[in-house]
Amino acid sequence: MSFYVTTPIYYVNGEPHLGHAYSTMAADVLARHHRQRGEDVFFLTGTDEHGEPVELAAAREGISPRELADRNAPKFERMAARVEATNDFFIRTSDPRHMDRVSEVIQRVYDNGHVYEGVYEGWYCPRCADFKTERELGPGNTCPIHEIALEREREENWFFRLSAFEDDLKRLYAERPEFVVPEHRRNEALSFIAHGLQDVSLSRPNLNWGLRLPWDPEQRMYVWFDALLNYYTALSFAREGEDLSERFWPSCFHVLAKDILKFHAVIWPALLLAAGLEPPRGMVIHGYLLMGERKMSKSLGDVIDPGEVIDRFGADALRFYCLREVSFGQDGSVSAAGFETRYETELANDWGNLASRTLAMLARYRGGVVPEAAPDPELASGDDGLEGLEVRVCELIDRAELSGALEAIWSRVRRLNRYVEERSPWVLAKQEGESAGEGDGGGAPGEAGREAQQPGRPRTRSGAGDQLDVVLYNLAEGVRTLALLLVAFMPASSERLLDALGEDSREIAGFGSRGGGAMTERIPPLFPKLD
RNA sequence: GCCGGAGUAGCUCAGCUGGUUAGAGCAGCGGAAUCAUAAUCCGCGUGUCGCAGGUUCGAGUCCUGCCUCCGGCACCA
């Protein structure tokens, strides 16, 4: 089974910010999670480099568009690395291999008769060098930026016959209810389609930094078509000497923000159909991370600087915070104060401390060996029971409900902390020590205790000792299964914890699927408090 | 204007097809415990469930009207 996940390709004319990182982190969670399920995964991110804004920005600096792109693309590549994204490739649309492939595909669209020559007429601003939409116009048909009166201009364009795909799109949406999630975004796309589709410009003359149309080199492709096609073209050259298209298309899932919904949910599938290709398997539309009401702007004070957070707390903490704090698919506020609260209460106190106390008791009471015992039904069942959690989490992640998955996991983190209190292992340990009397009753720490736990040792302990085995086994097993589910979200810390638990596998596993016997070790706090 | 969504504890939000005393997390107050990163666990809320009507034996949950906020309404890289 193959799973191909993409982020949007980021427009190279700008600096990476938390919003970009958010898409990348979410896509990475999906990629890692599906790898854990043993699927054949390919994860793509990259930069979108053509188009007029890049051309203009480069001109302002007196450099070529390519130089501008070459300078900025690495920033996005580094951003992906910083949030510990495991992308298999980083595509740049200025890559000649991408451009060649785009030409092939768009030629097919042309050959299939979905393109025609027409005239685009609109309000043109010579200073912006761009057409303005009716909505953008200032009073009296003026440019909102330059405040000058605009003229009606006509321009030869090639058009893509989007209108011809209305029925196909409606059918696609009807047959695949989860093509676009969350549902409110799906409805938005659907109502957009229902209102009737108009053809869209495919190319323009007078562009310099863009792909030439194969059948009309005077015209350059509108950057959107070039950009969308990256998801498909990358597969043909991402791996040297190999074409992955067969292997990963159309099992493709897009992660994107709501501002580019229409391009992905309407134009993109139509374009693929026009080229005789399958639409992707689906897409998830996420919202914006708001900082103090404003969208991503650097207003005063309480903002999140992703680089700084990663430096101080690690990428795991940033990934967790963003996906936990705002319900994935909706807009939500993030702040430095909010981050600190979640970091301290949930990562350090709830989860990190649960790991610490579990490992500590394992070491202290059982010499670092997970005892042999059965899953405790008390812990396995109930609303926040451990049993079946992995199934639930997989279902949620299949619907791209990442925050929902974290919430499901967290209710079990709390459950395990409660379990510790309910069973008071330290009391059991004391009782065990007392009734064991003379011997090596199990209270002995260090090597002696470890020796005492070798398999085959006669089980002469008291009832308290057996109960302690049960509690410690269940704690170890509970923490282990949660850590496995958290690998996708917080890879570094989860890996460290799993190593400490003597777990080699990274496959998603159910509660109780592993027996006792594993060697564990104490480790420094997963999420240290930094006061 | 048209279409859609939302308005529930100080804060952030859950509440599916109407039915026991409306829930969770955070923050606050009190207590227990000591395995642990002084972490954890337990207890504590007089909430007009936006406003006004209506349907119903019964509505936060359905209907009508109103108020407020938000999103979409075609090229916005």
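We name chains A, B, ... by the order of the sequence lines, and we start the count at 1 in each one. What you see is a predicted model; the values in this text were computed from it and never measured.
With distances taken from any side-chain atom of A:S356 to the nucleotides B:U37, B:G72, B:C42, the minimum falls on B:U37. For A:F527, the listed nucleotide lying nearest its side chain is B:U37; candidates were B:C73, B:U37, B:C35. Checked against B:G72, B:C76, B:C75, the side chain of A:S201 finds its nearest nucleotide in B:C75. Comparing B:C35, B:A36, B:C75 against the side chain of A:N353 picks out B:A36 as the nearest. Between B:A74, B:A36, B:A14, one nucleotide has an atom nearer to the side chain of A:Q330 than all others, and that is B:A14. Taking the side chain of A:W426 as heavy atoms from C-beta on, and the options B:C42, B:C76, B:C35, the nearest nucleotide is B:C35. Here the nucleotide nearest the side chain of A:K529, chosen from B:A39, B:A14, B:C76, is B:A39. Checking B:U37, B:G72, B:U40 against the side-chain heavy atoms of A:E421 singles out B:U40 as nearest.
Heavy atoms of A:D226 sit nowhere under 4.0 angstrom from any nucleic acid atom. Among the heavy atoms of the strands lying under 4.0 Å from A:T345 are primed sugar atoms or P, OP1, OP2 only; no base atom is included. If you check every strand for non-hydrogen atoms under 4.0 Å, A:R342 touches nothing. At the heavy-atom level, A:S191 lies nowhere under 4.0 Å from the strands shown. When heavy atoms are screened at a 4.0 angstrom cut-off, A:L526 is found touching base atoms of the nucleic acid. Across all strands shown, A:G352 has heavy atoms under 4.0 Å from base atoms, whether or not it also approaches the sugar-phosphate. Residue contacts for A:D331: at a heavy-atom cut-off of 4.0 Å it reaches no nucleic acid atom on any strand shown. Among the atoms of the strands shown, base atoms are found under 4.0 Å from some heavy atom of A:G196. A:A360 comes within contact range of the sugar-phosphate backbone alone, with a heavy-atom separation under 4.0 Å but no base atom that close. Using a 4.0 Å heavy-atom cutoff across all strands shown, A:L354 reaches no nucleic acid atom at all. Nucleic acid contact class of A:P53 (heavy atoms, under 4.0 Å, all strands): sugar-phosphate only. No engagement by A:R415 is indicated, since no non-hydrogen atom pair under 4.0 Å with the nucleic acid exists. Residue A:Y10 is classed as having no contact, given no heavy-atom separation below 4.0 Å to the nucleic acid. Contacts of A:N417 with the nucleic acid, taken as non-hydrogen atoms under 4.0 Å apart, involve only primed sugar atoms and P, OP1 or OP2.
Paired regions of RNA chain B, where each region holds three or more successive Watson-Crick or G-U pairs whose two hydrogen-bonding distances fall under 3.5 Å, are B:1-7 with B:67-73, B:10-13 with B:23-26, B:28-32 with B:40-44, B:50-54 with B:62-66.
Comparing the same atom, C1', in B:C16 and in B:C62 gives a spacing of 14 Å after rounding to whole Å. Taking the P atom of each, B:C67 and B:G30 are spaced 47 Å apart, rounded to whole Å. Here the separation of B:C66 from B:C13, taken at their P atoms, is 27 Å to the nearest Å. Going from the C1' atom of B:A36 to that of B:C41 covers 13 Å, rounded to whole Å. Distance check on atom C1': B:A59 versus B:A52 gives 15 Å, rounded to whole Å.
Rounded to an integer number of Å, the gap from A:F263 CZ to B:C75 C1' is 5 Å. Regarding A:Y419, its OH atom lies at a distance of 18 Å from the C1' atom of B:A33, rounded to whole Å. One interatomic measurement links the two molecules: CG of A:L190 to C1' of B:A74, which rounds to 16 Å at whole-angstrom precision. Atom P of nucleotide B:A33 and atom NZ of A:K430 are separated by 12 Å, given to the nearest angstrom. Distance, A:E183 CD to B:C16 P: 14 Å, rounded to whole Å. Between A:W410 atom CH2 and B:C26 atom C1' the separation is 15 Å, expressed in whole Å. Protein atom CG of A:L497 is 15 Å distant from nucleotide atom P of B:U37, rounded to whole Å. In this structure, CD of A:E346 is placed 12 Å from C1' of B:A24, rounded to the nearest angstrom.
A:F160 and A:Y110 have their aromatic ring centers separated by at least 6.0 angstrom. Between A:F90 and A:F76, the distance from one ring center to the other does not fall under 6.0 angstrom. Taking the six-membered ring wherever Trp is involved, the centroid distance between the rings of A:Y321 and A:Y343 does not fall below 6.0 Å. Aromatic ring centroids of A:F225 and A:H50 lie 6.0 Å or more apart. Aromatic pair A:H286/A:Y22: ring centres closer than 6.0 Å.
Positionally, the nearest nucleotide of RNA chain B for A:R185 lies more toward the 5' end than for the other of A:R185 and A:H264. Mapping A:P525 and A:V200 onto RNA chain B via the closest heavy atom, the residue that lands nearer the 5' end is A:P525.
Atom CD1 of residue A:I267 and atom CG of residue A:L272 lie 12.0 Å apart, to the nearest 0.5 angstrom.
The minimum heavy-atom distance between A:N72 and A:V12, with the atom names listed, is ND2-O, 3.0 Å. Here the shortest heavy-atom pairing between A:N353 and A:N349 reads CB-O, 3.0 Å.
Between B:U40 and A:N349, a contact under 4.0 Å exists linking OP1 or OP2 to a side-chain N or O. Checking the phosphate oxygens (OP1, OP2) of B:A36, a side-chain nitrogen or oxygen of A:R364 falls inside 4.0 Å.
Remark: A:Y232 engages A:W249 in a ring-ring contact (aromatic ring centres under 6.0 Å, His included) (not counting sequence neighbours).
Checked by atom type and distance alone, the side chain of A:D331 pairs as donor or acceptor with a backbone atom of A:Y288 at under 3.5 Å.
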* **Stepwise salt bridge (Lys or Arg N to Asp or Glu O under 4.0 Å) check, A:R92 with A:D48** => CA-CA 6 Å; A:R92 297 183 52 187; A:D48 179 10; over 6 Å; no

